[in-house]
There are 2 protein chains.
Amino acid sequence: MVAFLANEDEAARRYAEWTGKTCRDIGLRFELRQVTRTQLEEAIIEANEDDGVNGIMVYYPVFGDAMDQYLQNIVDPAKDVEGLCHTYRFYMYHNIRHLDEAKTQRCIIPCTPLAIVKFLEHMGIYNSKLPYGDRLHGRTVTVINRSEVVGRPLAALLANDGAHVYSADVNGLLELNRGQGLHLKRYLTNECSLTLEEALARSDIVIGGVPAKAYKIPTAQLREGVVAINLSSVANFEDDITSKASFFVSSVGKVTTVMLERNLMRLWQYQRKARAEAEVKETDAEADAVAEEEQAAKAYA
Amino acid sequence: MVAFLANEDEAARRYAEWTGKTCRDIGLRFELRQVTRTQLEEAIIEANEDDGVNGIMVYYPVFGDAMDQYLQNIVDPAKDVEGLCHTYRFYMYHNIRHLDEAKTQRCIIPCTPLAIVKFLEHMGIYNSKLPYGDRLHGRTVTVINRSEVVGRPLAALLANDGAHVYSADVNGLLELNRGQGLHLKRYLTNECSLTLEEALARSDIVIGGVPAKAYKIPTAQLREGVVAINLSSVANFEDDITSKASFFVSSVGKVTTVMLERNLMRLWQYQRKARAEAEVKETDAEADAVAEEEQAAKAYA
């Protein structure tokens, strides 16, 4: 895996080095490449074309504006361990879970939202007695953050698994849910007239992703037995959250890194399969050519 | 053409109505569809799939964040009159001017940057005695705005035609140019240590795109005979600009609409060609099937 660092963010550098260590611990090769922001696009394209590279990630923000989304789409989907290119996003938002019609290749999901799904599965909040794809049926969730990298994909994943999701950010509240009916149907988004306080009072699960130290979700506004997950780099919950929550996750960083490794392994398998199929095709084409020649030789014999 | 209005912006509505009038004046059908922001994605997908729709545009901002870039990529490239999907952007930034290897289909370029190229051609700033693709050779340009919708694509287009471009925004100055050498080579971007004032003093062409009434480019900082183009909705140049500029364009809106019509016509031609080819393919396949049957019949005769 190659990771590109094109900003001067010390926290990103430390996180990158730590990711590198974690990868090496389990035998994955991880290379951090430091480039300037104006070199980044070409550097990604080079890594796309390099058969020795199986996965690519970028530490954002780089330009901090729409240019960053452009760069996310420069990464080859076959190597996009972060799942941030348009193809994977579109499939995720539309609840399309496989890349192929035969359903042999599952889609790549962004690492942080995926980590939270894994936490919820591990804690039994995903009910494994329900059918796959419906395991959050009846659950209400508030996600405070609607960025394209974390909050919105997370809200979509949970809604596509059957939850009723309130998605909050500074611009207000949206409501995501699949409504009634068929399993694996895509969620719909609607404007929501509730206040955040009202949404919190209804929520079995509250996920905080506000990158501001001063911001705290008041424990008093939460349900007894709530599942509280902090995905921000600072603490979004008050200290007394443990007295009210049935589960409290203070940090998701380590599991996020494991998801990165999982995505890398998955992409590596897909790449190996694609290469094997390309070889078979070539061999078939050669065999066809030989057979044709033999037939032609017979015809003229 | 279908245009989607999913915000409450009165200026956007007036512009949309005016675009509709302009289209109808020359016999193009234009339909404004008002939807809520949460309906927009599905509405675009419906228009993508509707054979009666040849072109699609959206009045941004809708969500005003990365979600808007996601929506730009929902529009089918075959109907993207604004040229804002990743495919067209990538080709533009990489100076790839055709969609096909046979070079029969030219790429779609975003309307506002394209309008400015047309102004510069019309004013003789593009030197038609130079080869196509090199006609801004030796020209220096400052573009004040680096949005993904206007400023950055414009800077790229001008640099790919041979200009030395200073791209300015609140975060500082970048420098775009192809360097020396081959025609149609892609431009490179570098950080620039000049101040904006120094860049302006070197520029033959200055393009202002700052959406703030208080912002004015000081005429005193510009070269005698400068080409001054205002692409903002407010005046970025001082009133005395006409005393110093060889050409001054105070507004590019009308030409932008013509470029929209041009893009629509182009996409319509491509769609017609694609349909015709699909029909030929079908007919060929039928003919092949008949020939095969005849041959089989002969073999058994």
Side-chain angles (χ1 to χ4, degrees), chain A residues 6-7 35-42 44-45 48 60-77 84-94 145-153 155-156 167 169-177 186-192, chain B residues 6-7 35-42 44-45 48 60-77 84-94 145-153 155-156 167 169-177 186-192:
Chain A
N7 61 32
V35 297
T36 66
R37 60 180 190 166
T38 57
Q39 295 165 339
L40 181 57
E41 181 174 358
E42 289 310 312
I44 295 173
I45 291 171
N48 281 342
Y60 293 101
V62 174
F63 286 85
D65 56 23
M67 177 71 183
D68 286 3
Q69 277 87 50
Y70 171 79
L71 289 169
Q72 285 164 358
N73 283 315
I74 292 293
V75 177
D76 183 346
L84 294 178
C85 69
H86 184 75
T87 308
Y88 294 139
R89 285 183 186 198
F90 180 83
Y91 285 176
M92 177 179 59
Y93 289 132
H94 288 257
N145 173 310
R146 201 163 53 237
S147 75
E148 267 308 310
V149 182
V150 179
R152 193 166 86 95
S167 165
D169 76 356
V170 286
N171 297 317
L173 226 61
L174 293 176
E175 201 170 346
L176 288 73
N177 67 84
R186 189 200 163 194
Y187 72 88
L188 296 175
T189 306
N190 286 296
E191 304 289 340
C192 176
Chain B
N7 61 32
V35 297
T36 66
R37 58 180 192 166
T38 57
Q39 294 165 340
L40 180 57
E41 182 174 357
E42 289 310 311
I44 294 173
I45 291 171
N48 281 342
Y60 293 101
V62 174
F63 286 85
D65 56 23
M67 178 71 182
D68 285 2
Q69 277 86 50
Y70 172 79
L71 290 169
Q72 284 163 359
N73 283 314
I74 292 293
V75 177
D76 183 345
L84 294 178
C85 69
H86 185 74
T87 308
Y88 293 139
R89 284 183 187 199
F90 180 83
Y91 285 177
M92 177 179 59
Y93 289 133
H94 288 257
N145 174 308
R146 201 163 53 237
S147 74
E148 267 308 311
V149 182
V150 180
R152 193 166 87 95
S167 165
D169 76 356
V170 286
N171 297 316
L173 226 60
L174 293 176
E175 202 170 346
L176 288 74
N177 67 86
R186 189 200 164 194
Y187 72 89
L188 296 175
T189 306
N190 286 296
E191 304 289 340
C192 176

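Just the heavy atoms: all of them, side chains too, but no hydrogens, waters or symmetry mates, feed the values below.
Between A/Gly64 and A/Pro61, the closest heavy-atom pair is CA-CB, 3.9 Å. In terms of heavy atoms, A/Tyr88 sits closest to A/Pro77 at OH-O, 2.6 Å.
For a residue to count as touching a neighbouring chain, one of its non-hydrogen atoms must lie under 4.5 Å from one of that chain's; by this rule A/Ile45 touches chain B with the side chain only. Looking at A/Leu174, only its side chain comes within 4.5 Å of chain B, counting heavy atoms on both sides. The contact between B/Glu41 and chain A is made entirely by side chain atoms (from C-beta outward), counting heavy-atom distances below 4.5 Å. A/Gln69 touches chain B through its side chain: at least one heavy atom from C-beta onward sits under 4.5 Å away, while N, CA, C and O do not.
For the pair A/Arg89 (side chain) and A/Leu84 (backbone), a donor-acceptor distance under 3.5 Å is present.
Between chain B and the residues A/Asn190, A/Asp65, A/Asn73, A/Thr189, the most heavy-atom pairs under 4.5 angstrom are made by A/Asn73. With chain B as partner, the option from A/Ile74, A/Leu188, A/Thr36 having the largest number of non-hydrogen pairs under 4.5 angstrom is A/Ile74. In terms of heavy-atom pairs under 4.5 angstrom with chain B, the leader among A/Gln39, A/Arg146, A/Met67 is A/Met67.
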Show your working on ring pair (Phe, Tyr, Trp, His ring centres under 6.0 Å) between B/Phe63 and B/Tyr70 and close with a plain yes or no.
-> CA-CA 10 Å; B/Phe63 286 85; B/Tyr70 172 79; 9.6 Å; no

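Between the side chains of A/His86 and B/Gln72, no donor-acceptor pair is found at a separation under 3.5 Å.
Considering only heavy atoms from C-beta on, B/Cys85 stays 4.5 Å or farther from B/Val75 through its side chain.
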